[in-house]
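Working notes, structure below.
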Amino acid sequence: MARGKFITFEGIDGAGKTTHLAWFRERLEQHIAAGGRSVVMTREPGGTALGESLREILLHQKMDLETEALLMFAARREHLAQVIEPALARGDWVLSDRFSDATFAYQGGGRGLPRDKLEALERWVQGGFQPDLTLLFDVAPDTASERRSSAREPDRFESESDAFFTRTRAEYLRRAEEAPYRFAIIDSSQSIPHIQKRLEELISTL
Ligand code: TYD
């Protein structure tokens, strides 16, 4: 069977990524089921037993910025080796809630880690590997912050300022501009039905 495809969901906290992920997954499953393939749903940081332990630390424990970036990529290495690569090799499709664009956006854009360090880690951990498609849920930071305020107890990232999310968003958009062939920018200020229509169109091109 031909290799599967790797699709990632990205966006600042409160952009609505989680709402659309479950719907997208169901539609994607219907889209590829006839070919005998399945969808592997996963997330970052996380996706493996070790990765989930690292997630717990990353989301709740204070640490040096470089340590934070290294742990994100360490979890990613494990995720690629244990889950993503084997699934794609057997012909399944992988849908991940965040991947390396999040590290560039949060640790790079948001927290200010120099990009060349992140690029070096990306080369080390991924070689040239990138998602086949990245859905970037894009929304203004003040809208995202309103949406977040109704959510549960915020973690270390969710409690950041609008200024932090303005920088994070800008880095996401820069990454999208750098690799337009794999990014689809979804205007997340639109209604849910409107966004679902766009997602449907995207799935039909896969
Ligand atoms: P998120 O994906 O928003 O999950 P949930 O919906 O359960 O809150 O949470 C993951 C957080 O981790 C998010 O705030 C972004 C952050 N993050 C980084 O800072 N760098 C990364 O490389 C990744 C993958 C996530």
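Counting begins at 1 with the first residue of the sequence. Whatever order the structure lists them in is the order used to number ligands and atoms, beginning at 1.
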Counting non-hydrogen protein atoms only, what is the nearest one to atom 8 (O) of ligand 1? Give residue, atom name and distance.
Glu158 OE2, 2.9 Å

Where is the nearest protein heavy atom to atom 23 (C) of ligand 1: which residue, which atom, and how far?
Ala102 CB, 3.6 Å

Atom pairs and distances, side-chain donor-acceptor, residues 113-125, under 3.5 Å, sequence neighbours left out:
residue, atom, partner, partner atom, Å
Lys117, NZ, Glu66, OE2, 2.9
Glu122, OE2, Gln130, NE2, 2.8
Glu122, OE2, Arg175, NH2, 2.9

Apply the test salt bridge (Lys or Arg N to Asp or Glu O under 4.0 Å) to residues Arg167 and Glu171: give CA-CA distance (whole Å), side-chain angles for both, the deciding distance (0.1 Å), then the verdict.
CA-CA 6 Å; Arg167 297 191 299 273; Glu171 177 62 11; over 6 Å; no

Which atoms from ligand 1 have a heavy atom of Asp13 less than 4.0 Å away?
3 (O), 13 (C), 14 (O)

Glu44: which residues meet the side chain to side chain donor-acceptor pair (under 3.5 Å) condition with it, sequence neighbours left out?
Arg76, His79

In Å, rounded to the nearest 0.5 Å, how long is the span from CD of Glu26 to CG of Leu28?
11.0 Å

Can you report which non-hydrogen protein atom sits closest to atom 16 (C) of ligand 1, along with the distance?
Phe157 CD1, 3.7 Å

In ligand 1, the atoms that come under 4.0 Å of a heavy atom of Arg76 are 22 (O), 24 (C)

Fit a plane to each ring of His20 and Phe137, take the angle between them on a 0 to 90° scale, and name the class: parallel (under 30°), tilted (30 to 60°) or perpendicular (over 60°).
parallel

Between Phe165 and Tyr106, what is the ring plane arrangement, given parallel below 30°, perpendicular above 60°, and tilted in between?
perpendicular

Where do Gly4 and Asp132 come nearest, in terms of heavy atoms and distance?
O-OD2, 4.3 Å

Which residue owns the protein heavy atom closest to atom 5 (P) of ligand 1, what's the atom, and how far is it?
Arg152 NH2, 3.6 Å

Could you see which bit of Pro45 sits under 4.0 Å from ligand 1, with heavy atoms only: side chain, backbone, both or neither?
both

Name the residue from Lys17, Arg182, Arg174, Arg169 that meets the salt bridge (charged side-chain N to carboxylate O under 4.0 Å, His left out) definition with Asp101.
Arg182

Contact region, Thr18 to ligand 1, non-hydrogen atoms below 4.0 Å, reads side chain

Here the atoms of ligand 1 under 4.0 Å from any heavy atom belonging to Gln107 are 18 (C), 19 (O), 20 (N), 21 (C), 22 (O)

Taking distance alone, with N or O pairs closer than 3.5 Å, would you say Thr103 contacts ligand 1?
yes

Judged by non-hydrogen atoms, does Arg156 sit under 4.0 Å from ligand 1?
no

Which option wins on minimum heavy-atom distance to atom 9 (O) of ligand 1: Arg43, Arg55, Glu44?
Arg55

Identify the two heavy atoms, one from Phe99 and one from Pro131, that lie closest to each other, and give their separation to 0.1 Å.
CD2-CG, 4.1 Å

Starting from atom 18 (C) of ligand 1, find the nearest protein heavy-atom neighbour and note its residue, name and distance.
Met72 CE, 3.3 Å

So if I apply the side chain to side chain contact (heavy atoms under 4.5 Å, CB included) rule between Leu50 and each of Glu78, Arg77, Arg55, which one comes out positive?
Glu78

Tell me which protein heavy atom sits closest to atom 1 (P) of ligand 1, plus the residue, atom name and distance to 0.1 Å.
Arg98 NE, 3.5 Å

Side chain, backbone, both or neither: the part of Glu68 lying under 4.0 Å from ligand 1 by heavy atom
neither

